[in-house]
Amino acid sequence: MDPRTVHSQQNSKSSHLALDIGGSLIKLVYFSRSDECLIDDNEGNSSNESLVVSKKCPVLQGTLHFAKFETSKINDCLEFIMRNKLHLGGCQHGGSPDNYTVKATGGGAYKYADLIKEKLGVCLDKEDEMDCLVAGANFLLKAVHEEAFTYTNGRKEFVQIDQDDLYPYLLVNIGSGVSMIKVDGDGKFERVSGTNVGGGTFWGLGRLLTKCESFDELLELSHQGNNRVIDMLVGDIYGGLEYNKIGLSSTAIASSFGKAISDNKELADYKPEDVARSLLRMISNNVGQISYLNALRFGLKRIFFGGFFIRGHAYTMDTISVGVDFWSKGEAKALFLRHEGFLGALGAFASYENQPGSDDPIVRQLVQQSPISASHTGYKIHGSRNGECNDNESIECSVYVS
Ligand SMILES: Nc1ncnc2c1ncn2[C@@H]1O[C@H](COP(=O)(O)OP(=O)(O)O)[C@@H](O)[C@H]1O
Ligand SMILES: CC(C)(COP(=O)(O)O)[C@@H](O)C(=O)NCCC(=O)O
């Protein structure tokens, strides 16, 4: 947990906790108010589209906070929520604390509903996981500055998203498993494919093969490894030559893990770091390839990758980018998201707008958010980075309530 997040939350009023309880991780999003004021947007530069609201409107200054816990440690997560009273800031129907509800998505919203009711005394208001992933992605792509970026040759480049040219796109969420969703608009989407070889596979197989005790340790290990010791390359098969006729360079992987059977080595000679590297490469490559095939199926040029498997990890993003570029012959682009792991939780957070009869200003503000562009909605979110890593990256917000 980022201490800045906790500190900021303790000094302000928190509201609207939303949860995404996945197969591997629980993701939390909540808003804390730091200020409330009235501004006259007409005093702003009217040529700046993001400030086009033609009346005085109250503004809530605050922060969207992000946190995650391993699902297997759900009790730590519930303790964190209780300690910070996050569950009491959401929607309340009637006077009793028993009537508080918290928006939640992911399979765990079903699996852990009773436990959460028992420990926190709140009911979960369940939102569909795919709806939330899409809502979260659209929200980030429209409202948050410098959210999407490409990753090529070790360089991260932020991409300015043209609001009028966002759809259609392919959203690939690499969580425990992988969902591929063709997104055509707000709430307009189809889950077109998926694969069971995803983040859970990397972590599960990696743990079995390397004895690593945490995901971060496995990721760090993969950083130090060399996959060529384990993977069978085209050059290994073709005596150092490329197979040009079918477009394969000598360094292309012909068979992931293939060298581990063809060498005269003892099993103990294979280093865990090389195994971790091969595994990461195999899974990233596979997801990249299936994603590209689905983009091709529907003529989509942009593929946004989310999910906590990516974890802002250079080698993962590089492998996916290179794969998409290679198979599409440069036609399709892989894009990554700064808040990659929080799409579902953000979507659940945004779904408070659908809560009937609530007086909360944030709810009203979200109701009024136009699907066309954040700039015309009276709603603006200022992305302000609190660091380079993708974990728990809070967003400073100005919430315009009209
Ligand atoms: N601290 C962590 N513990 C476990 N898995 C992690 C961690 N950080 C990243 N991951 C990766 O993220 C995946 C889960 O991603 P996420 O988008 O949260 O999916 P889910 O909703 O299925 O939990 C894991 O399977 C693993 O590959
Ligand atoms: C079942 C899920 C939607 C659950 O989401 P997750 O907790 O993995 O983020 C996902 O694991 C998935 O899409 N699995 C792939 C299943 C398949 O299409 O083969």
Parallel, tilted or perpendicular: ring planes of H16 versus Y352, cut at 30 and 60 degrees = perpendicular
request  = For the pair F304 and Y169, name the ring-plane relationship: parallel under 30°, tilted 30 to 60°, perpendicular over 60°.
outcome  = perpendicular
Can any side-chain N or O of [X] pair as donor or acceptor with the backbone N or O of [Y] at less than 3.5 Å?
{"X": "R191", "Y": "S179", "result": "no"}
{"X": "Q289", "Y": "G323", "result": "no"}
{"X": "R297", "Y": "V192", "result": "yes"}

request  = Evaluate side-chain contact (heavy atoms from CB on, under 4.5 Å) for C77 paired with L28, printing each intermediate quantity in order.
outcome  = CA-CA 9 Å; C77 174; L28 276 70; 3.6 Å; yes
task = Given side-chain contact (heavy atoms from CB on, under 4.5 Å), test T319 with L280 step by step and report yes or no.
result = CA-CA 9 Å; T319 305; L280 185 59; over 6 Å; no
Would you call [X] and [Y] a side-chain contact if the rule is heavy atoms closer than 4.5 Å?
{"X": "L337", "Y": "L141", "result": "yes"}
{"X": "L166", "Y": "K142", "result": "yes"}
{"X": "N226", "Y": "R277", "result": "no"}

query = Step by step, would you call D236 with R228 a salt bridge (charged side-chain N to carboxylate O under 4.0 Å, His left out)?
reply = CA-CA 10 Å; D236 294 325; R228 294 181 185 193; over 6 Å; no
message = Is the positively charged end of K68 above the ring of F308, judged by distance under 6.0 angstrom from the centroid and angle within 45° of the axis?
response = yes
query = Going through the distances and angles, do D325 and T152 end up as a side-chain contact (heavy atoms from CB on, under 4.5 Å)?
reply = CA-CA 10 Å; D325 186 69; T152 11; over 6 Å; no
key: Short N-O contact, K259 and D274, less than 4.0 angstrom   = no
